[in-house]
Amino acid sequence: MGANSSSISELPENEYLQKLSGSEPISENDPFWNQLLSFSFTTPTNSADLKLLEEATISVCKSLVEKNPRTGNLGSLIKVFLSRTKELKISAECQNHLFIWQAHNALFIICCLLKVFISRMSEEELQLHFTYEEKAGPSSYGTECEDLIEELLCCLIQLIVEIPLLDITYSISLEAVTTLIVFLSCQLFHKEILRESIIHRYLMHGRCLPYTSRLVKTLLYNFIRQERSPPPGTHVFQQQTDGGGLLYGIASGVATGLWTVFTLGGVGSKASAQVEQCSPLASQSLLLLLVLANLTDSPDTPNPYRQAIMSFKNTQDNTAFSSSNPHAFQINFNSLYTALCDQQKSDQATLLLYMLLHQNSNMRTYVLARTDIENLVLPILEILYHVEERNSHHVYMALIILLILTEDDGFNRSIHEVILKNITWYAERVLTEISLGSLLILVVIRTIQFNMTRTRDKYLHTNCLAALANMSAQFRSLHQYAAQRIISLFSLLSKKHNKVLEQATQSLRGSLGSNDSPLPDYAQDLNVIEEVIRMMLEIINSCLTNSLHHNPNLVYALLYKRDLFEQFRTHPSFQDIMQNIDLVIGFFSSRLEQAGAELSVERVLEIIKQGAVALPKDRLRKFPELKFKYVEEEQPEEFFIPYVWSLVYNSAVALYWNPRDIQLFTMDSG
């Protein structure tokens, strides 16, 4: 494509690009295409290079937008690509580098052009550009030309699911995934959620529909395999000395392990920023899977990609599939579980885990039955522990995953049986030996305390407390530090309650002499803090009534800080729940008094253990079991679609969008 194009800045003058975007129609049989497609790529290594590539080729794209209605050259290029893909499978089997290389180059140019077209025009206008006939003689496609978008989409899906993944096919597989993301990227340029979309319609109906489950399965396996991109040069036909390439020496395939990250308001974890991604195909496949799974349902049918994600089974599961679900398939759950455990540092993998636990009952059952559940829970706890470094969406997803897991009593029991040694990332205190259950409690309480002092997000509080409440009846052998932190959190809430109460009283006194100053809404603050205090008392009560004899450390912490509870004994909001706590404090306090003064910690714990057997359980008042279930809010797409696209914007391999064009979410200027 012009041997003289040795740098990105020379692209606008490239004779082949000028001809493609010029006034002359080019027949799909013209030898020009062989010359255009004979170029080698070395991937741009950072977002600045990608931006440079886009800015350099913008004049070419603008010219093509203007001239294409008369030339139909975009359609001709797509037909050239479609004709070459027919032999791709055989080419892969025969190791035909040249054929695959040129097909890849054709798709790369299509993808670059599409990205600019989609960012600058409506889907209806884009559709017109696909239907313009070349004017040089009759078209060999005739009326089929009208379905060129559908044919290209279907071809891309077939390429992803049917072409074997080899060193020589890695780049074209990645490019096919990338092009599908670009096709769907029209959402980025709309503030509102797209519910009626031409591209969505093609992907959910017609020729693409039969490939739904195979596409979802292939994308999942790409994620599972984490296949590294081959070294540059192993999959690229070597440039001949007479040149003819687009960016000779600049650009080998579109994948050399690049993980491009941009800042985005409220989204994009610092922890995952600038991470070297060793498997571009795995990460790009996961992004496409998340985009497809979160497309809105069409008026007549639910999203088939979500249906496929909801219903796939384990390869070990021999039960018959329901005939009512054409999208069901099987996948190796063990491999998927391992990949999910390994990849939780990224928002995308956490979001996939959330979707699978929330929507696929087969996967949820499998995960809860694992005997190595700590491999999954520990990375989730680490996300919450580093809350300051994570974006709020990633923290929400991690927390909701815990909430879903704690809905299961078996999980709540088993986590106290898993003993962990030396948790290196937990910095507040050396934890040489602790149960997974106690660690989970510590991290959730730390998240609540962080939220109380920083973000003050009621949603975060609610989910944290719900997870603790679900676990409370199954608390077993709580670590002394976990028991202390439960009571310390209550102490913090108590101080906060007193402070708000004092402010309300002072404000009320001050307003008596002044009629014109409005009262601050301390009543609402007081109401929220009392709700949280009530919940904490219920959690403590649940543990005492269901498993007191298993938790001497909690009773010890309760007795040590018994004065804290004094003020709530007569409070009308807490009187009922305080009866049991009062009874336990009174019972054990009298036993300790009988034992005499100056007791050692060991002796106190011994008295508590003996007393737990003698405590008259029938005197403890029964309360309904604490159980909270996660339910998605109405119209979840309003949260998930901007979130998913922000992840694409931040993390997609070798893709760049001008931040000024983005409408779907707010950009971060910092």
Side-chain angles (χ1 to χ4, degrees), residues 123 147 149-150 153-154 156-158 160-161 177 180-181 183-188 190 192-221 223 285-314 317 319-331 333 336 348 351-367 397 400-401 404 629-645 647-648 664:
E123 281 191 304
D147 293 321
I149 290 184
E150 183 174 35
L153 287 168
C154 199
L156 292 171
I157 293 171
Q158 287 171 331
I160 293 165
V161 302
V177 172
L180 281 176
I181 290 174
F183 255 121
L184 289 157
S185 67
C186 49
Q187 177 63 79
L188 279 171
H190 291 82
E192 71 286 352
I193 302 302
L194 290 181
R195 297 176 191 281
E196 288 288 323
S197 160
I198 292 166
I199 305 301
H200 294 186
R201 205 156 55 238
Y202 279 126
L203 286 169
M204 292 199 204
H205 301 87
R207 293 175 57 189
C208 296
L209 188 61
Y211 292 96
T212 300
S213 59
R214 286 179 69 192
L215 179 58
V216 169
K217 185 176 184 175
T218 305
L219 295 174
L220 277 171
Y221 267 126
F223 167 69
S285 294
L286 177 52
L287 288 170
L288 176 57
L289 183 64
L290 294 173
V291 169
L292 290 170
N294 285 284
L295 296 179
T296 54
D297 296 335
S298 59
D300 50 344
T301 50
N303 175 348
Y305 300 95
R306 191 182 304 122
Q307 296 290 304
I309 283 172
M310 288 169 69
S311 55
F312 69 80
K313 294 183 177 181
N314 194 354
D317 188 347
T319 56
F321 283 110
S322 164
S323 56
S324 62
N325 188 355
H327 307 301
F329 63 92
Q330 288 181 300
I331 202 163
F333 277 16
L336 180 54
Q348 298 91 282
L351 183 52
L352 176 63
L353 174 58
Y354 158 76
M355 277 169 40
L356 294 177
L357 288 175
H358 178 54
Q359 297 176 5
N360 189 314
S361 58
N362 303 317
M363 189 69 194
R364 183 168 61 251
T365 302
Y366 175 85
V367 167
M397 289 299 105
I400 292 166
I401 286 165
I404 291 169
K629 192 171 174 59
Y630 169 70
V631 180
E632 263 185 0
E633 291 186 14
E634 279 186 45
Q635 297 190 305
E637 65 275 10
E638 299 287 344
F639 169 85
F640 286 105
I641 291 176
Y643 179 33
V644 167
W645 276 105
L647 296 177
V648 174
L664 183 62

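Checking each of Leu220, Leu219, Thr218 against Ser285 for a side chain to side chain contact (heavy atoms under 4.5 Å, CB included) leaves exactly one that passes, namely Leu219.
Note: Lys217 NZ to Ile331 CD1 = 7.0 Å, rounded to the nearest 0.5 Å. Here CG of Leu290 is found 5.5 Å from CE of Met355. Values are rounded to the nearest 0.5 Å. In this structure, CG in Leu194 is found 6.0 Å from CD in Glu192, a value given to the nearest 0.5 Å. Considering CZ of Phe639 and CD of Glu633, their distance stands at 9.5 Å, rounded to 0.5 Å. In this structure, the separation between CG on Leu286 and CZ on Phe223 is 5.5 Å, given to the nearest 0.5 Å. Note that the CD1 atom of Ile641 and the CD1 atom of Ile193 stand 4.5 Å from one another [nearest 0.5 Å].
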Trace of the side-chain contact (heavy atoms from CB on, under 4.5 Å) decision for Ser197 with Gln187: CA-CA 9 Å; Ser197 160; Gln187 177 63 79; over 6 Å; no
Going through the distances and angles, do Leu288 and Leu184 end up as a side-chain contact (heavy atoms from CB on, under 4.5 Å)? CA-CA 9 Å; Leu288 176 57; Leu184 289 157; 4.1 Å; yes
Verdict with reasoning, Ile160 to Leu180, per side-chain contact (heavy atoms from CB on, under 4.5 Å): CA-CA 10 Å; Ile160 293 165; Leu180 281 176; 3.5 Å; yes
Decide side-chain contact (heavy atoms from CB on, under 4.5 Å) for Tyr305 and Asn294; before the verdict, give the C-alpha distance in whole Å, the side-chain angles of both, and the deciding distance to 0.1 Å. CA-CA 8 Å; Tyr305 300 95; Asn294 285 284; over 6 Å; no
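Leu357 is not listed as a side-chain neighbour of Met363, based on a closest heavy-atom distance of 4.5 Å or more. Using a 4.5 Å heavy-atom cutoff, the side chains of His200 and Leu203 are not in contact. At a threshold of 4.5 Å between non-hydrogen side-chain atoms, the residues Leu292 and Val216 do not count as touching. Side chains of Arg207 and Tyr202 form no contact here, defined as non-hydrogen atoms less than 4.5 Å apart. When side chains are defined from C-beta on, Leu156 counts as touching Phe183, because their heavy atoms get closer than 4.5 Å.
The nearest pair of heavy atoms linking Ile309 to Leu289 is CD1-CD1, 3.9 Å. Of all heavy-atom pairs spanning Ile198 and Glu123, the tightest one is N-OE1, 2.9 Å. Closest heavy-atom contact between Thr212 and Pro304: CG2-O, 3.4 Å. Considering all non-hydrogen atoms of both residues, Ala328 and Ser311 come closest at CA-OG, 3.9 Å. Minimum interatomic distance between Tyr211 and Cys154 (heavy atoms only, all atoms of both residues): CE1-SG, 3.9 Å. Closest approach of Glu150 to His205, counting heavy atoms only: OE2-O, 4.3 Å.
Of the possible donor and acceptor atoms, one in the side chain of Asn314 sits under 3.5 Å from a partner among the backbone N and O of Phe333. Between the side chain of Asn360 and the backbone N or O of Phe312 there is at least one donor-acceptor pair closer than 3.5 Å. When atom types are taken as modelled, the side chain of Thr301 and the backbone of Ser298 share no donor-acceptor pair closer than 3.5 angstrom. Using modelled atom types, no side-chain atom of Lys313 and backbone atom of Phe329 make a donor-acceptor pair closer than 3.5 Å. Looking at Asp297, its side chain does come within 3.5 Å of a backbone N or O of Asn303 through a donor-acceptor pair.
Under 4.0 Å is where a charged nitrogen must lie from a carboxylate oxygen, and between Arg306 and Glu637 no such pair does.
Using the six-membered ring where Trp is involved, Phe640 and Tyr354 have ring planes that are parallel, under 30° apart on the 30 and 60° scheme.
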